Amino acid sequence: MNDATLTVEVVRRWDEAHGICGFELRRPDRAPLPRFDAGAHIDAYLPGGLVRQYSLCGNPARNDCYEIAVLRDPNGRGGSMAMHDQVHQGDLIRIGAPRNHFPVDAQAAHHLLLAGGIGVTPILAMAEHLAAQDTPFDMHYCTRSRERAAFVDRLAASAFHQHVQIHFDDAAAHQAFDMAAAIAAASAHTHLYVCGPRGFMEAVLAEARAQGWAGHRLHHEFFSGAVANADAREETGFVVRIASSGVSVDVPPGCTVVESLAQHGVDVLTSCGQGVCGTCMTRVLEGQPEHRDSYLTDEEKVAGEYFLPCCSRSRSPVLVLDL
Ligand code: FES
């Protein structure tokens, strides 16, 4: 859990689109909030003890308020339902200070921003930031229908609207997103950022790789858990060794590395607990991790230098961790 929390007031809550609520958060005393960079998210501590991550979709230049938007997902793990059903205007909630695992590369000459559905939230903050910096970018926003599309009016009214194309699944074929063409049209100096449903993100990243894009030019953020859950009966136990103390800890089937370490008094900072946020990322000094997260890139997983102990396991009998 993130220790650095702030109490904020929900000063405004609004229906942004069908099934999507917007929340504007300010300090109760209206003091400035910690600044954030485009792509950052906050942890929100919700009724019922849930902690969920939401990307900040407001303008990063503003430090008087944070904005988030939440898609209600009745089949989710309960966070979006709690936000929709139990968090009201005027309520006080606790949040973590902004953290950014999805930053804009300040060195890149051009940026291609690709959003699918509610994945538009961090992409929107990126567009605001790049426009303010006068850095060239193109944004494509793919969404099921006009009524389910968040921030359409805000995008239309923005100073950068000419760089934004919105594609509706239920509209005419000529406006459909041509992923291959959009990626092919980008220059060799372009960096690509994608956030959205898993299938959308995987398709974008696969297409970019097929077109020869190097991994350092591809940036992505999953916004909901997609941990590769294996049946505990198929899991094997292994040992993690703590490099600083030499202590070895058994990790049995059905128990995570984080849980096993906690039982031996070793606490690893966690947040999402499902391999999405990167909070628990730990360096691996020896051994071969079995990655089950959606945070690390394919290249990082192959390198095996880091792993996410809230969900990932080990292929080798022993994993030595830099703890
Ligand atoms: Fe979020 Fe491990 S706690 S990735």
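Remember, it's 1-based here, ligands and their atoms both numbered in the order they're listed. Counting from 1, the numbers follow the sequence of the chain as shown. Predicted model, so just to flag it, every value in this text is computed and none were measured.
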S.K.: Below 4.0 angstrom from a heavy atom of L308, which ligand 1 atoms are there? Numbered from 1 as shown, please.
M.R.: 4 (S)
S.K.: Ignoring hydrogens and geometry, is there a side-chain-to-backbone donor-acceptor pair from H189 to A109 under 3.5 Å?
M.R.: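 Not at all, since once roles are kept as given, no pair shorter than 3.5 Å links the two residues.
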S.K.: Would you say C311 has an N, O or S atom lying under 2.8 Å from atom 2 (Fe) of ligand 1?
M.R.: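 False for C311.
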S.K.: Before you tell me yes or no, could you show the steps for Y193 and M126 under side-chain contact (heavy atoms from CB on, under 4.5 Å), namely the whole-Å CA-CA distance, both residues' side-chain angles and the distance that decides it to 0.1 Å?
M.R.: CA-CA 9 Å; Y193 307 80; M126 289 178 173; 3.8 Å; yes
S.K.: Just by distance, do the side chain of D15 and the backbone of A17 share a donor-acceptor pair under 3.5 Å?
M.R.: no
S.K.: How far is atom 4 (S) of ligand 1 from its nearest protein heavy atom, and which residue and atom name does that atom have?
M.R.: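 Checking every protein heavy atom, the shortest distance to atom 4 (S) of ligand 1 gives G278 N, 3.2 Å.
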S.K.: Under a 4.0 angstrom heavy-atom cut-off, which atoms of ligand 1 come close to C277?
M.R.: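 Matching atoms, with element in brackets: 1 (Fe), 3 (S), 4 (S).
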S.K.: Side chain, backbone, both or neither: which part of V276 has a heavy atom under 4.0 Å from ligand 1?
M.R.: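 The backbone, only.
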S.K.: Before moving on, can you tell me the angle at atom 2 (Fe) of ligand 1 between the SG atom of C310 and the SG atom of C280, to the nearest 10 degrees?
M.R.: 100°
S.K.: Whether E290 and R292 form a salt bridge (side-chain N of Lys/Arg under 4.0 Å from carboxylate O of Asp/Glu) is what I want to check.
M.R.: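 E290 and R292: salt-bridged.
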S.K.: In terms of side-chain geometry, is the basic nitrogen of K301 or E299 positioned less than 4.0 Å from the acidic oxygen of its partner?
M.R.: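 No salt bridge links K301 with E299.
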S.K.: For the side chain of S312 and the backbone of P309, is there at least one donor-acceptor N/O pair under 3.5 Å apart?
M.R.: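 No, the answer is negative, given that no donor and acceptor are paired below the 3.5 Å cut-off.
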S.K.: Looking at T270, which atoms of ligand 1 are within less than 4.0 Å of one of its heavy atoms?
M.R.: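 Answer, ordered by atom number: 3 (S).
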S.K.: Distance under 4.0 Å to a non-hydrogen atom of G275: what atoms of ligand 1 satisfy this?
M.R.: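 Listed by number with element: 4 (S).
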